[in-house]
Enquirer: 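Handing you a structure now.
Counting starts at 1 for both ligands and their atoms, in listed order. FYI, the numbering just counts along the sequence from 1. Values below: all heavy atoms of this structure, side chains included; hydrogens, waters and symmetry mates excluded.
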Amino acid sequence: MPSLNDLNRADRAAFTAALGHLFEHSPWVAEETWVKRPFVSAEALHAALCAMMRAAPHDRQLALIRAHPDLAGRLARQKKLTAESTREQVSAGLDRLTDAELAEFTRQNDTYQARFGFPFIICARLNAKAAILAAMAARLPNGWPAERDTALAEIEKIAWLRLQDILKD
Ligand code: GUN
């Protein structure tokens with residue numbers, strides 16, 4: 001487990017290897033943030049990563065959003081998630097759904113994806129399954145730019161928790 005000091009001294013490849021997974025299937029966020037070292041705190045490092053994500057072109061942000069698996073989706077059932085995604089879905093209880101709950105997730109996922117063209121993103125570690133289903137219904141009427149921004153804000157929360165998992169204090 002690296003400390004902040006280790007990360008501040010790391011070369012670009014080591015920095016990306018340590019932090020590349022913070023943003024799902026998108027190591028470019030960490031790689032491009034490397035030039036911003038040194039970071040005075042975990043919060044400052046997280047803020048720099050998020051600023052890099054926010055400064056990226058919209059199509060790159062959209063690819064990042066689309067890199068996320070559906071919650072309780074096909075990839076989860078086939079056990080094809082990254083280690084972090086698996087832990088996040090388990091923490092929300094999504095590996096223990098009844099058939100009816102699974103059908104409801106599938107319906108909501110498909111409806112959301114059809115409306116926005118990207119998967120529903122919520123920080124699964126901060127929300128249990130009932131809260132996730134409620135948020136899916138509540139956010140469905142939103143406009144596209146608002147949902148894109150909400151997805152990016154949730155991705156920032158996911159990255160913060162993933163950073164805390166790997167940072168030695
Ligand atoms: N898709 C929607 N929410 C999440 C989450 O918290 N983690 C991952 N990996 N994918 C998601």
Enquirer: Nearest to atom 10 (N) of ligand 1, what protein heavy atom do you find, and at what distance?
Expert: Pro69 CD, 3.5 Å
Enquirer: So does Glu101 pair up with Arg96, basic N to acidic O under 4.0 Å?
Expert: no
Enquirer: So which of Ala124, Ala151, Ala72 gets nearest to atom 6 (O) of ligand 1, if we judge by its closest heavy atom?
Expert: Ala124
Enquirer: Which of the numbered atoms in ligand 1 are below 4.0 angstrom from a heavy atom of Glu88?
Expert: 5 (C), 6 (O), 7 (N), 8 (C), 9 (N)
Enquirer: Within the 4.0 Å heavy-atom shell around Ser85, which atoms of ligand 1 are there?
Expert: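 In order of numbering, the contacting atoms are 8 (C), 9 (N).
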Enquirer: Does ligand 1 have an atom that lies less than 4.0 angstrom from a heavy atom of Arg162?
Expert: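 Yes.
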Enquirer: Show me which atoms of ligand 1 lie under 4.0 Å from any heavy atom of Cys123.
Expert: 6 (O)
Enquirer: Between the side chains of Asp6 and Arg9, is the shortest nitrogen-to-carboxylate-oxygen separation below 4.0 Å, so that they form an ion pair?
Expert: yes
Enquirer: Are Arg66 and Glu24 close enough for a salt bridge, meaning some N to O gap below 4.0 Å?
Expert: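 Salt bridge: no.
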Enquirer: Classify the contact between Glu84 and ligand 1 as side chain, backbone, both or neither, using a heavy-atom distance cut-off of under 4.0 Å.
Expert: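 Glu84 to ligand 1: no contact under 4.0 Å from either part.
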Enquirer: Which of these, Ile121, Leu81, Ile122, has its nearest heavy atom closest to atom 4 (C) of ligand 1?
Expert: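 Closest candidate by heavy-atom distance is Ile122.
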Enquirer: For the pair Phe118 and Tyr112, name the ring-plane relationship: parallel under 30°, tilted 30 to 60°, perpendicular over 60°.
Expert: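 Correct class here is perpendicular.
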Enquirer: Taking 4.0 angstrom as the limit and counting only heavy atoms of Leu71, give me the atoms of ligand 1 inside it, by number and element.
Expert: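 Close to Leu71: 1 (N), 2 (C), 3 (N), 4 (C), 11 (C).
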Enquirer: Hey, mind stepping through Asp165 and Arg87 against side-chain contact (heavy atoms from CB on, under 4.5 Å) and telling me if it holds?
Expert: CA-CA 11 Å; Asp165 286 340; Arg87 201 175 321 131; 3.2 Å; yes
Enquirer: Between Glu156 and Arg54 (salt bridge meaning N to carboxylate O under 4.0 Å), is one present in this structure?
Expert: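 Yes, Glu156 and Arg54 are salt-bridged.
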Enquirer: Between Glu32 and Arg12 (salt bridge meaning N to carboxylate O under 4.0 Å), is one present in this structure?
Expert: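 Arg12 and Glu32: not salt-bridged.
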Enquirer: If you count the atoms of ligand 1 from 1 in the order shown, which ones are under 4.0 Å from a heavy atom of Phe120?
Expert: 1 (N), 2 (C)
